[in-house]
Number of protein chains: 2
Amino acid sequence: MSQAGDDIMTRKKRARVTLEQVANHAGVSRATASLVVRGSPHISKETREKVLNSMKELGYIYDRVAANLRSQRSSTVGLIITEIGNPFFSELLVGVHEALDKEGYTVILGTTFDSPSKQDALLSTMLEYRVGGVIMSPVPGCSVDMVERLKQWEIPVVLVAREMPSGEQFDYIGIDNVAGGRLVTEHLIQQGHRRIAFLGGFSGSSAWRDRKKGYCQAFHQAGLEIDESLIIEAPATRQGGINAIKQALQHPNPPTAAFGYNDIVAFGVMLGLKEAGMIPGRDFAVVGFDNIQESSMFNPPLTTVSAFPQLIGTYAADILHQRMNGDAGEAKRLILQPELVVRESSLLHSDHQF
Amino acid sequence: MSQAGDDIMTRKKRARVTLEQVANHAGVSRATASLVVRGSPHISKETREKVLNSMKELGYIYDRVAANLRSQRSSTVGLIITEIGNPFFSELLVGVHEALDKEGYTVILGTTFDSPSKQDALLSTMLEYRVGGVIMSPVPGCSVDMVERLKQWEIPVVLVAREMPSGEQFDYIGIDNVAGGRLVTEHLIQQGHRRIAFLGGFSGSSAWRDRKKGYCQAFHQAGLEIDESLIIEAPATRQGGINAIKQALQHPNPPTAAFGYNDIVAFGVMLGLKEAGMIPGRDFAVVGFDNIQESSMFNPPLTTVSAFPQLIGTYAADILHQRMNGDAGEAKRLILQPELVVRESSLLHSDHQF
DNA sequence: AGTATTTGTTAGATCGATCTAAAAAAAGTA
DNA sequence: TACTTTTTTTAGATCGATCTAACAAATACT
């Protein structure tokens, strides 16, 4: 259970100035001082100033921990993402953070690294800390049970970027991954490619399945066959991309283009191509997904799909804020439409043949 | 002062299961149940199991808020950085986060965007939340006053990446920016460059001043003159880099190489060069600072200096952990030695003349 | 002036845990 | 069996704020 080990704790020596001391100093009651702190309108100008002066004089520090305990409220919000190393999530974090900050919330951060047990542990911690709400990107194969526990305690939950099986009851902000996958694949087909690998990511994540769905749709629509052996799962990391493209190039009938699960994978794919002596954007087309800031600066600049992570974060924060203020309406679904950004990595010179 | 506006709060409806209820259910006292939760050794096996069962049965959730209030301890750590958008800091965040996570701390995140008032507000918030310690990268020109307030409350503070005027009393983990600036500049001088611009960043930050110091040292050591008009301050962003290089190119006697304050600026510089019709790495040498992951993947790959942000984060977390466990020794200073990483952006073809 | 209303203030209980110091139970010893 | 000593359990105060409901004081209304 919740072992509060002593080793990880710190003891404070200097005693805190309490509201009671402020009240005494100002010659009013504790309750009055409390009202002043909270900016109540039922306080006369003079008392307010008396109290504010005493606060300043004594160096008073508001104790949110005590206040939250008594009031059964919380101005803390939990944010659970898979990893901060991925710019998609760090940009999402920026969006969430800025929006919540503006409203006066404090953010508690957690990263799951796609481990369900870590996610459960994080959710527990957040419950223990009495967070007022949670924004999370669920791990693949995440069971709804744990998250429902939050619902039980009437802690609003907003899902971002990834869906959860039977998670219809939760607000969700994401991008239309099917459309995104289709955009990418249609683009590559239009460029004349017929053998297009889909590299990286794992089928456990809803985003992966949707992007693949879009990939398949584009193939079908063009009347082309899908070669399942060109769909290679791998960690959604640079190294995963390197490995995946290497494996794909071993194929007796290798692909001429690759759709990376996300930009990071696509970077890996391009690095792998370079290692194999090929020049991405000339000998081989590569497309990514997310349009993180770096993708415009890669060599060559990466064709990709904008997934608007920061915007997703902002919306998620806004919705959570509404929920925390009592909005109990139906679960909202906000699906942003992706936009294809064509750059050099997918525009092979016309003198190439396939 | 600390207005706890009602609008930002959430009310929970379903009552929490308290330790008292658990105790009643298990037929023991509240105190005993508390000891069980905390894993005290003075509890007999049977009572422990009785209580644990009751906890499970009732769906008990440990209330850290209440516990922290009474025990005057805290397992929360504040992390204050300037921005998450900068990969240097997001990598630092990864280091801090992983290390603290392992020890069971929870991280409260704050970003200052280099605004002193925002930093003060954040420090206040953290005090209000009773954090047990703070890791921070101080804003340029940060006064020691506010941070000293934390010291007063015996809340340990570890500074990272940037120093603070008269901040000798605080632990500091950073990199030898002087050495880094020298490495970069020596490298460029060795490549035959004589007119080297120093672009981006502001002189308010200690990192800027140190890097510039190294830059000057290298010049002096080589017996060369410094042209102050080639030192251009600008925001440490991509756009700042673009603007700075454009300005530098206007110079009647323009530079042949640029030292970007950090990799992001260097990226901007390279983009600006491209816009001006020049090819970085062929017509103009560019070097950055930090060696963020993307710099190896840029076009061309960026010569830079490794600043080991993740490692800095890890060390900072470790030291903070020690401090929170009572280590009251002298302020520690841990200065990592930077390493030059030479890539194509600074290796001009030999047929070029200056 | 006398009552009703509004405005400002407050005492005392409370949030859910931990602490202290002391009591009860169990084990060890003579 | 009686008396320590050790182990286990507990009652009651406490952390620092907010809540409730009631009480003064000031203002408004016949």
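Chain letters run A, B, ... following the sequence lines, proteins first and then strands; every chain starts at 1.
Along DNA chain C, the nucleotide nearest to A:R30 and the one nearest to A:K45 differ in position, and the one closer to the 5' end is contacted by A:K45. Taking the nucleotide of DNA chain D with the nearest heavy atom to each of B:R70 and B:S44, the more 5' of the two is matched to B:S44.
Annotation: salt bridge (charged side-chain N to carboxylate O under 4.0 Å, His left out) contacts of A:K50 (sequence neighbours excluded): none. Listed by chain and number, the residues in a side-chain hydrogen bond (donor to acceptor under 3.5 Å, both in side chains) with A:E98 amount to none (sequence neighbours excluded). Residues that satisfy the salt bridge (charged side-chain N to carboxylate O under 4.0 Å, His left out) test with A:D318, not counting sequence neighbours, are absent from this structure. With sequence neighbours left out, the side-chain hydrogen bond (donor to acceptor under 3.5 Å, both in side chains) criterion links B:E83 to no other residue.
The side chain of A:Y62 lies closest to D:dA17 when the candidates are D:dT9, D:dA17, C:dA17. Closest to the side chain of A:L69, from the set C:dG16, D:dA17, C:dT18, is C:dG16. Closest approach to the B:R73 side chain among C:dC19, D:dA17, D:dC19 is made by C:dC19 (side chain taken as heavy atoms from C-beta onward). For A:L35, the listed nucleotide lying nearest its side chain is C:dT10; candidates were C:dG16, D:dT18, C:dT10. Nearest to the side chain of A:D63, among C:dA17, D:dC15, D:dA17, sits D:dA17. Here the nucleotide nearest the side chain of A:A31, chosen from C:dG8, C:dT10, D:dG16, is C:dT10.
In this structure, the NE2 atom of A:H42 is 16 Å from the C1' atom of D:dT27, given to the nearest Å. Distance, B:Y60 OH to C:dG16 C1': 8 Å, rounded to whole Å. Rounded to whole angstrom, the span from the CD atom of B:E20 across to the P atom of D:dA13 amounts to 14 Å. Atom CZ in A:R64 sits roughly 14 Å away from atom C1' in D:dT18 (whole-Å rounding). The distance between atom CG of B:L19 and atom P of C:dC15, rounded to the nearest whole Å, is 14 Å. Atoms CD1 (A:I61) and C1' (D:dC15) sit 16 Å apart, rounded to a whole Å. The nearest whole Å value for the distance from the CE atom in A:M55 to the C1' atom in D:dA17 is 13 Å. Straight-line distance from the OH atom of B:Y129 to the C1' atom of D:dA17: 14 Å, rounded to whole Å.
Using a 4.0 Å heavy-atom distance criterion, A:V65 is classed as making no nucleic acid contact.
A:S29 has a side-chain polar atom (N or O) that falls below the 4.0 Å cut-off from OP1 or OP2 of C:dT10. Using a 4.0 Å cut-off, some side-chain N or O of B:T32 falls inside it from OP1 or OP2 of D:dT10. For C:dT14, the OP1/OP2 oxygens have no side-chain nitrogen or oxygen of A:Q72 closer than 4.0 Å. Note on A:R38: a side-chain N or O is less than 4.0 Å away from OP1 or OP2 of D:dC19. For B:T47 and D:dT9, the shortest distance from a side-chain N or O to OP1 or OP2 is below 4.0 Å. Between B:S71 and C:dA17 there is no side-chain polar atom (N or O) within less than 4.0 angstrom of OP1 or OP2.
The salt bridge (charged side-chain N to carboxylate O under 4.0 Å, His left out) analysis of residues 140-152 of chain B, with sequence neighbours excluded, yields no pairs.
Recorded end-axis angle for the helix from C:dA1-D:dT30 to C:dA30-D:dT1 stands at 40°, based on five pairs per end and rounded to 10 degrees.
Within the 4.5 Å cutoff, the side chain of A:R333 has no heavy atoms near those of the A:E168 side chain.
No donor-acceptor pair under 3.5 Å is formed between the side chain of B:R64 and the backbone N or O of A:E128. For A:T314 (side chain) and A:Q310 (main-chain N/O), a donor-acceptor pair under 3.5 Å exists by modelled atom type.
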